[in-house]
Amino acid sequence: MPLSSFRVFSAFYRPFVRATHSTSTMATTGKQKAALLHGRTYTYIPPTIRASDTDKIPLLYLAYRPIVISGPSGTGKSTLLKRLFAEYPDTFGFSISETTRSPRPGEQDGREYNFVTKEGFLDLVAKNGFIEHAQFGGNYYGTSVQAVKNIAEKKRICILDIEMEGVKQVKRTDLNARFLFLAPPSLEVLEQRLRGRGTETEESLQKRLDQAQNELEYAKLPAAHDKIVVNDDLEKAYVELRDWVVDGGKFGAQ
Ligand SMILES: Nc1ncnc2c1ncn2[C@@H]1O[C@H](COP(=O)(O)OP(=O)(O)OP(=O)(O)O)[C@@H](O)[C@H]1O
């Protein structure tokens, strides 16, 4: 795993989940629609519980619907989310990751991380309890479905900044999330932004661009996302993203 992926799990009180790796598996139910795009098969996974099944969704998740923001690395997700959190400081929640590593001095269980045993972690993996998980430096790290639910319980809206496999995994839960895809104006512009950011090696840049193609192709599937925003002009993209997220003050509540 490239070092840059570690920041996914390293920040305290993360307002959103950042991940570039996932070990989620593809579902194989008959409900799926598959589409062959450019020689690869992409599967649209319909939500386990549809937003229209309001009687099956716990009340809290009707009111505090998590928002999943995905899009190729370098599209501008962090830039736009930072602005959103600054404009709405008390609206969004903090998801706490699970980890099998030991607490460092000063760290508290349930604050920086939920510290769990390897057995407990793998048991939750087997039960499909993670949205994303990864191994780093001999330890496991992950974002559990329960951690996202805890945010709704605090009456806040959880924003998940995750990649495609995580998006599919969220669709398999009863989180009743809304899905926004942030697209770059083009792959060329994306490459320029990644180079301009100065965080990538040539190798990690290539990996990100390859993954960007996968994400862009998945996003073409009908109903993969509820909203697509193209981040061409930053100001325009921010207003479009914010207006969709805020939804006239309802934040997507049903
Ligand atoms: N509309 C825009 N016009 C020009 N530059 C932009 C625009 N949006 C973002 N950028 C720049 O592009 C770079 C990548 O943005 P950012 O780091 O927010 O992407 P990201 O999607 O969060 O990437 P990652 O998933 O790798 O963290 C940054 O240097 C940012 O300043």
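Counting convention: from 1, in listed order, for ligands and their atoms alike.
Of the N or O atoms in D233, none lie within a sub-3.5 Å distance of an N or O in ligand 1. Between G76 and ligand 1, at least one pair of N/O atoms sits closer than 3.5 Å. In terms of N/O distances under 3.5 Å, ligand 1 is approached by T75.
In summary, E200 and K207 do not engage in a salt bridge, as defined by a charged side-chain N under 4.0 Å from a carboxylate O. Using a cutoff of 4.0 Å between basic side-chain nitrogens and carboxylate oxygens, E215 and R208 are not scored as salt-bridged. Looking at R195 and E202, a side-chain N of the basic residue comes within less than 4.0 Å of a carboxylate O on the acidic one, giving a salt bridge.
The contact set between ligand 1 and R208, taken as ligand atoms under 4.0 Å from a residue heavy atom, comprises 26 (O). Annotation for ligand 1: atoms under 4.0 Å from non-hydrogen atoms of S73 are 23 (O), 24 (P), 25 (O), 26 (O).
Aromatic rings of F251 and Y64 (six-membered ring for Trp) have centroids beyond the 6.0 Å cut-off, not under it.
Residue contacts with ligand 1 leave out G71, since none of its heavy atoms falls under 4.0 Å from the ligand. Judged by the shortest distance from any of its heavy atoms, L194 lies outside the 4.0 Å radius around the atoms of ligand 1.
In this comparison of K82, E200, R193, the heavy atom closest to atom 6 (C) of ligand 1 sits on R193.
Residues L180 and L234 share a single hydrophobic cluster, defined by chaining ILVMFWY side chains whose heavy atoms lie under 4.5 Å apart.
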